[in-house]
Amino acid sequence: MENPYLPYPVRIDSITTETEDRNLKTFKFVFLNPEDEAKFAYTPGQFAELSIAGKGEIPIGIASSPTEKGFIAFTVNKVGKVTTHLHNMREGDVMGVRGPLGNWYPWEQMEGKNVVIVGGGFAFTTLRSSIIYMLEPENRSRFENITVVYGARSPGMLLYKDELMAWEKRDDLDMHITVDATDDPDWKYNVGFVPAITEEKVTSAENAVAIVCGPPIMIRFTQPVLEKLGFPPENIILSLENRMKCGIGMCGRCNIGEKLVCKDGPVFSLAELKELPPDY
Amino acid sequence: MSAKIFSKDEWAGVLEGLKDAYEVYVPVKEGDFHNFRPLKEGTRPSFEFQNTRMSPKFLTEPQSERMFEYTLDKNQPDAHILKEDEKEIPPRAVVGIRPCDAFAFQLVKRNFDTPRYKDPYWLKRYEATTFVGLGCNDPCETCFCASAGSGPFDRKGLDVLLYDLGDAYLAQPLTDKGEALLEKTDGGKEADEASWKKAQGLTRQVAGKGSRRVSTDKLREKDVNALYEAPFWEDVAFSCINCGTCTFLCPTCWCFDIQDEVQMLPMVGDRMRNWDSCMFPLFTLHGSGHNPRSSKTERVRQRFMHKLKYYVDKYDDGIQCVGCGRCVQFCPVNIDIREIAEKMNAL
């Protein structure tokens, strides 16, 4: 019997510090057994359990895109025992990755549609995966206009800065970078909260699906903006978090009503969430 | 193979004989209560009980079990790589399990045996186990099995059903596994007409006593959010002290935690899984400090909503409760799931 709790062994290939507070790092992993890479076939929006022997496991969204080969990447916020230990690990160290887990953004539903991506803070990871995936030449024609609003507290807290700047220059992607506030006189992007910038930059809900991922406060204020624009709840897509252990729907703690965030989610439409008790 | 009759005089020997083919679990009296224990030298099985205090769920989900082992010694080539604990589970038989507890395994199986994922730890134990049930001549005061999809002589989840006829046990095989077990027993004789008549009389007599009825028929059609927002949760939870006894004893509570345990010299470790409880705030605490069920009212609501609504909606085949009555009997503040089911059903 296949053991769904057994992680694939991986080696840390590179570690990048993403933010000025040094609390967010991106880890690129390479599979120790090359055949495991094919077994770890994933779709943007999914997550995995990062597994450190002696410390435990943490569920983290996959930040790399399946179109990027040879590695998988995760951006991890330092908050607890496992993440703190991970932040102290070095390139070359061996650990485990278990997954891919959960569902993914509704790529079939989004085909032929305008895609609006709204992200905030360090919840941008699976959105990065999604943007890279959609911009891949073989995929780009499957979607109409792509609009991205991404914000952080300050310029130094933005993830993936080099990529953001590169996306900003492209004409097949409408990129809006924003920060809550900055005293940098050379800041040439937006200043303002994500919901306000979304209201300013996103002008139509026609033939569009919105993916929203960010802190609860951002989601709470972005939702009415999207609803006012005319997005029906079926076309507002959210990615949720709850505390998890098993990641495969068995240990019982991540439920929202009868749904399990780890297995039935983490991606839910607003229409689905409105049917469920608000246990998240 | 047809049913067999074993006299009580030979019963201890029959159990002893099963040890050749099985690891045998039997009820044992410990202080004022019974629990299932492995039959070893010196173990004294005792079948004079209503039900065991602890449920037999440990047979498939031990309170604590090792999932993986590893070395953290960097000089070892496999340092930090998890290895499966390849321990084989021998054939085992639990003798004297009550029908409600046997049925509980069928409900819990839905959680561990899914189309997408199979839990190898739970399933290999389940598959290795033969369930020999003992019908209830004297149901507990707190039980309500007949309202929870089971009954004093219910057969679901059992491989053999025993009827206690006073001076003998009538053993009826219900599955191939059960027949295989009976074939391995020493002694006994083919059940005769008179024994069957006695067993049937017993079934009728116990059914006539009637266990408490609990209404659950309207739970499926209720709006989940209306139940979630129901006005009675504060009252229901008021006296709860979040001790977790209910989840600890419940045969259908399966939630677990996964923890790593490490020792020094040599630097090795285990990844363990341990029973957990939705009654504890840590169960759902986010890394950020946010907790979707931070208050005891929310946690008590979760327990009853899971058993009496979420499970009902998810599988559309009854409640996640077999009516064993342990939580009613042992709750230190007398919270009674039967009353809560009635409240929810009547909302």
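The chains referred to below are lettered A, B, ... by the order of the sequence lines, with proteins before strands, and numbering in each begins at 1.
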Student: Could you tell me which portion of A:Lys78 (side chain, backbone, both or neither) has an atom closer than 4.5 angstrom to a non-hydrogen atom of chain B?
Tutor: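 Answer is neither: A:Lys78 stays 4.5 Å or more from chain B.
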Student: Which one, B:Trp122, B:Tyr117, B:Phe112, leads in non-hydrogen pairs under 4.5 Å with chain A?
Tutor: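 Highest number of heavy-atom pairs under 4.5 Å: B:Tyr117.
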Student: For B:Phe68, is it the side chain, the backbone, both or neither that has a heavy atom under 4.5 Å from a heavy atom of chain A?
Tutor: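 Contact with chain A is through the side chain of B:Phe68 alone.
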Student: When you measure from the centre of the six-membered ring of B:Tyr315, is the NZ or CZ of B:Arg110 closer than 6.0 Å and no more than 45° off the axis?
Tutor: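 Judged by the rule (NZ or CZ under 6.0 Å from the ring centre, within 45° of its axis), B:Arg110 counts as positioned above B:Tyr315.
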Student: With no hydrogens and no angle check, just 3.5 Å: does a side-chain donor-acceptor pair link A:Asp264 and A:Asn103?
Tutor: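 Their side chains do not contain a donor-acceptor pair, so the 3.5 Å distance test is not met.
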Student: Go through the atoms of A:Lys259 and report whether side chain, backbone, both or neither lie under 4.5 Å from a heavy atom of chain B.
Tutor: neither
Student: May I ask you to establish whether B:Lys343 and B:Trp233 are in a cation-pi arrangement, using a distance under 6.0 Å from NZ or CZ to the six-membered ring centre and at most 45° from the ring axis?
Tutor: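 No, B:Lys343 and B:Trp233 do not form such a contact.
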Student: Please classify the contact of A:Pro277 with chain B as side chain, backbone, both or neither, using a heavy-atom distance under 4.5 Å.
Tutor: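 Contact with chain B involves both backbone and side-chain atoms of A:Pro277.
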Student: Shorter than 4.5 Å, heavy atoms on both sides: which option in B:Trp254, B:Tyr70, B:Tyr121, B:Phe256 has the most such pairs with chain A?
Tutor: B:Phe256
Student: Under 6.0 Å from the six-membered ring centre of A:Tyr5 and within 45° of its axis: does the NZ or CZ of A:Arg98 meet both?
Tutor: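 Pair A:Arg98/A:Tyr5 does not count as cation-pi.
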Student: Specify which of B:Thr114, B:Val262, B:Asn291, B:Asp119 makes the most heavy-atom pairs with chain A at under 4.5 Å.
Tutor: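 Ranked by contacts with chain A, first place is B:Asp119.
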Student: Heavy-atom distances under 4.5 Å only: say whether A:Ile256 touches chain B with side chain, backbone, both or neither.
Tutor: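 Contact with chain B: none, neither part.
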Student: Which one of B:Glu229, B:Arg293, B:Gln259, B:Lys118 has the most heavy-atom pairs closer than 4.5 Å to chain A?
Tutor: B:Arg293
Student: Where does B:Asn111 contact chain A at under 4.5 Å (heavy atoms): side chain, backbone, both or neither?
Tutor: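 Both parts, backbone and side chain.
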Student: So if I apply the salt bridge (charged side-chain N to carboxylate O under 4.0 Å, His left out) rule between B:Glu65 and each of B:Arg125, B:Arg271, B:Lys124, which one comes out positive?
Tutor: B:Arg125
Student: Non-hydrogen atoms of chain A under 4.5 Å away: do they reach the side chain of B:Leu82, the backbone, both or neither?
Tutor: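 When you check distances to chain A, atoms from both the backbone and side chain of B:Leu82 fall under 4.5 Å.
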Student: Which bit of A:Leu276 comes within less than 4.5 Å of chain B, counting heavy atoms only: side chain, backbone, both or neither?
Tutor: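 For A:Leu276, backbone heavy atoms alone lie under 4.5 Å from chain B.
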Student: Pick one of side chain, backbone, both or neither for A:Pro278, based on which atoms fall under 4.5 Å of a heavy atom in chain B.
Tutor: both
Student: Heavy-atom distance under 4.5 Å to chain B: side chain of A:Lys55, backbone, both or neither?
Tutor: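 Looking at A:Lys55, just its backbone touches chain B.
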Student: Report yes or no: do B:Arg92 and B:Thr129 form a side-chain donor-acceptor pair below 3.5 Å?
Tutor: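 Side-chain D/A pair, B:Arg92 to B:Thr129: present.
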Student: Is B:Lys222 reaching over with its side chain to a backbone N or O of B:Leu227, donor-acceptor style, under 3.5 angstrom?
Tutor: no
Student: Using heavy-atom distances under 4.5 Å, tell me whether A:Cys246 contacts chain B through its side chain, its backbone, both, or neither.
Tutor: both
Student: Side chain from CB out, backbone as N, CA, C, O: work out which of these in B:Asp276 comes under 4.5 Å of a heavy atom of chain A, or both, or neither.
Tutor: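 Looking at B:Asp276, just its side chain touches chain A.
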Student: With only heavy atoms counted, which part of B:Lys74 is less than 4.5 Å from chain A, the side chain, the backbone, both or neither?
Tutor: side chain
Student: When A:Glu18 is tested against each of A:Thr26, A:Thr125, A:Thr75 for side-chain hydrogen bond (donor to acceptor under 3.5 Å, both in side chains), which residue passes?
Tutor: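 Going through A:Thr26, A:Thr125, A:Thr75 one by one, the side-chain hydrogen bond (donor to acceptor under 3.5 Å, both in side chains) with A:Glu18 is satisfied by A:Thr26 alone.
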Student: Do you know which of B:Met305, B:Glu298, B:Gln302 has the most heavy-atom pairs under 4.5 Å to chain A?
Tutor: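 Max contact count across the listed options: B:Gln302.
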Student: Which bit of B:His290 comes within less than 4.5 Å of chain A, counting heavy atoms only: side chain, backbone, both or neither?
Tutor: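 The side chain, not the backbone.
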Student: Counting only heavy atoms closer than 4.5 Å, note whether A:Asp93 contacts chain B via side chain, backbone, both or neither.
Tutor: side chain
Student: Considering only heavy atoms and a distance below 4.5 Å, find which of A:Lys263, A:Lys81, A:Glu275 pairs most often with chain B.
Tutor: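 Highest number of heavy-atom pairs under 4.5 Å: A:Lys263.
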Student: For the interface with chain A, which of B:His80, B:Lys309, B:His286, B:Met67 has the highest count of heavy-atom pairs at distances below 4.5 Å?
Tutor: B:His286
